[in-house]
Amino acid sequence: MWTKESLHEFIREKMGDYLFIVVSNREPYVHLYKKGKIEYIRGAGGVVTALDPVMQACRGLWVVNGSGEADRKVTDGQGKIAVPPDNPSYTLKRIWLTKEEENGYYYGYSNEAIWPLCHMAFQRPVFRSEDWEYYQQVNKKFAKAIMDEVGDKKAFIWIQDYHFCLLPKYLKEMAPNQLIIAHFWHIPWPGYEAFSICPQRKEILDGLLANDLLGFHIRCHCDNFFSAVDREIESKIDRERFSVVRGGHETIIRPYPISVDFQGISSVVESQKVAQAMDALKEEFQLSGCRLLLGIDRIDYTKGIPERMAGIDRLLEKHPEYKEKIVFLQVGEISRLHIPRYKALNDEINALVEQINWKHSTGMWKPIIMIRRHMSFSELLALNRLCDVAVVSSLHDGMNLVAKEFVSSRVDNQGVLVLSEFTGASRELTDAILINPFDRDQVAEGLFTALELSAEDAQKRMVKMRNIVELNNIFRWAGKAISELLKFEFKE
Ligand code: GDG
């Protein structure tokens, strides 16, 4: 079984003197001012959750967009800082973006064009040529910063996600023989008809085909990518090797289902810190006496939060006997609020909570509690431990690590997972109660089934899911992708 230690040993043995550089937009540690003092928080989001334990094992350099208000204060002249701040094991290099760059590259092209383009959430993408300009500019800026680090050495570069479609191409243009590049696409890749509306589709494919290795979570996303290449780019698709050859360069395409640090989570969950957090949260939200249903998400329209609330509403309509017996707690970190669609979603969620609570409340009891404040990782794990049912109702999701974190937290083998069939995770976690979030009756039915499940059945399901996540942990994900990367040879 892959572990943090075996991954570390593997990298140390195989990578020799080559540099190992990971690139992502979001950073794992964000420095902020709190009451005049500098503090740090863990960034919310799947990419950093997955990559931080990998980097702690690999000890490389992680290049990110520096986004915290106190980030510059704690870094050296090259934007570098050793992290995790309490027990450093790798280096973070922060790239500084101007407001215009952040707006065009991050909010604009990445999150108003590519994000809705790739998710079947029926949100229309917005393609603005000026956002595309900034997207190119920022990809170039990252390429330059990476090459400043690489110099004349050889390096393995591992790019994360949809913010950097053009980065592999820019890097290969700058240093054709020094770099071996892999790219992991954390979100779904859409079917061809959906993808074909993108005005920059050829440039995006052209950028991604500069990678030596391109990973998706599941086979279906790889197949969709092949269809796009087939229809748009003159190339040879080799179904046998599962690769694309274009202009003499081959890009290997592979599915790697991402995961979490199962062992790490299982041990933190049993710590004193989590036990204290469980007590404090029970007290703060008066959780004793009710069965707890839980949702943890970045507030995003792909996560199906209104659909989940509609399901709670329907459950209480159909089964009023559950009034005063259950409470649904939603943790929601605000994200991308500068984008109007996210602001509207936030308002929609607030209105729904108000309306459903008003409709069903009795005396002191209300069915929904919404938590807006930032929660530490121990608090999130404490909630995972406290709840009876975890609800993941994404309309479309590459993988969904919240589901895997929940399973990893349940060292007691209890708790039931209600999971959308449109998540990558539903392919592995088949012992969850699977739902179609677009169907409010089905969501309510799924919640009801979860609440009614016998303890014995729930335990059987949880044990099976824990075995799957334990074996297919994040170190296996990284180990498999890096093993593939190591098969490539640097050109002379
Ligand atoms: C992308 C893909 C894919 C969530 N809310 C809060 C919070 N979180 C943490 C969770 C979890 C992470 O953020 C979310 O991970 P997901 O995987 O569920 O989702 P995305 O951020 O959309 O990630 C996704 C992933 O990349 C990895 O490849 O699985 O499909 O969309 O760790 O615990 N953390 C805090 N407060 C919150 O309110 N502190």
Side-chain angles (χ1 to χ4, degrees), residues 22 24-26 28-30 32 40-54 110-111 114-116 118-121 158-163 183-189 215-218 221 255-262 264-265 268-269 277 294-305 329-337 342 346 349 370-384 387 390-409 417 419-420 422-429 469 472 474 477-478 481:
V22 162
S24 73
N25 174 71
R26 205 180 276 251
Y29 300 95
V30 186
L32 302 167
Y40 75 88
I41 55 168
R42 255 178 73 121
V47 175
V48 302
T49 301
L51 267 296
D52 184 47
V54 171
S110 296
N111 288 315
I114 308 186
W115 178 268
C118 290
H119 287 94
M120 291 261 295
W158 198 7
I159 301 169
Q160 309 299 320
D161 236 354
Y162 60 99
H163 311 85
H183 200 143
F184 190 78
W185 192 263
H186 289 261
I187 62 177
W189 188 278
F216 295 94
H217 291 297
I218 54 175
H221 301 157
Y256 298 112
I258 207 165
S259 193
V260 293
D261 179 4
F262 179 89
I265 292 175
V268 177
V269 135
L294 175 69
I296 298 177
D297 302 87
R298 275 187 311 101
I299 300 288
D300 193 295
Y301 55 82
T302 60
K303 301 293 179 186
I305 302 166
L329 196 146
Q330 174 69 49
V331 179
E333 181 131 324
I334 305 252
S335 95
R336 308 173 190 168
L337 205 56
Y342 284 78
N346 201 41
I349 291 172
M370 183 84 204
I371 306 184
R372 295 302 199 158
R373 70 171 166 82
H374 177 82
M375 292 236 141
S376 69
F377 194 53
S378 331
E379 285 179 304
L380 293 182
L381 294 184
L383 285 172
N384 275 332
C387 80
V391 195
V392 172
S393 53
S394 315
L395 305 182
H396 200 191
D397 216 331
M399 177 52 66
N400 193 282
L401 295 183
V402 171
K404 292 190 173 181
E405 281 169 353
F406 170 64
V407 169
S408 310
S409 306
L417 174 64
L419 179 62
S420 158
F422 307 121
T423 58
S426 69
R427 268 64 168 188
E428 292 168 88
L429 303 178
V469 182
N472 300 297
I474 187 64
W477 174 80

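In each ligand, atom 1 is the first atom listed, and ligand 1 is the first ligand listed.
Proximity of Ile258 to ligand 1, defined as any heavy-atom pair under 4.0 Å, is confined to the side chain (atoms from C-beta onward). At a heavy-atom cutoff of 4.0 Å, ligand 1 is contacted by the side chain of Trp115 but not by its backbone. No part of Asp300 comes within 4.0 Å of ligand 1, judged by heavy-atom distances.
Shortest contact from atom 34 (N) of ligand 1 to any protein heavy atom: Leu380 CD1, 3.3 Å. Among all non-hydrogen protein atoms, the one lying nearest atom 16 (P) of ligand 1 is Leu401 N, 3.6 Å. Scanning the protein for heavy atoms near atom 30 (O) of ligand 1, the closest one is Asp397 OD1, 2.5 Å. Atom 9 (C) of ligand 1 has Gly45 N, 4.0 Å as its closest protein atom, hydrogens excluded (heavy atom only). Remark: minimum distance from atom 29 (O) of ligand 1 to any protein heavy atom is reached at Asn400 N, 2.9 Å. Distance from atom 28 (O) of ligand 1 to its nearest protein heavy atom, with residue and atom name: His186 ND1, 2.5 Å. Residue, atom and distance of the protein heavy atom nearest to atom 39 (N) of ligand 1 are Met375 O, 2.8 Å.
Near His374, meaning under 4.0 Å from any of its heavy atoms, are these atoms of ligand 1: 39 (N). Atoms of ligand 1 lying under 4.0 Å from any heavy atom of Thr49, numbered from 1 in the order shown and given with element: 11 (C), 12 (C), 32 (O). Proximity to Val402 (heavy-atom distance under 4.0 Å) selects the following atoms of ligand 1: 10 (C), 18 (O).
Defined by atom type and a distance below 3.5 Å, a donor-acceptor pair is present between the side-chain atoms of Asn111 and Tyr162.
Judged as a side chain to side chain donor-acceptor pair (under 3.5 Å), and not counting sequence neighbours, Ser378 has no contacts.
Checked by atom type and distance alone, the side chain of Ser394 never pairs as donor or acceptor with a backbone atom of Thr423 at under 3.5 Å.
Looking at Gly46, Ala425, Pro188 and measuring to atom 14 (C) of ligand 1, the nearest heavy atom belongs to Gly46. For atom 19 (O) of ligand 1, the choice among Lys303, Arg298, Gln330 with the nearest heavy atom turns out to be Lys303. Within the set Ile296, Leu51, Asp52, the minimum heavy-atom distance to atom 8 (N) of ligand 1 is found for Ile296. Between atom 37 (C) of ligand 1 and the options Glu333, Arg42, Arg373, Glu405, the minimum heavy-atom separation is to Glu333.
The shortest N or O to N or O distance between Gly398 and ligand 1 is below 3.5 Å.
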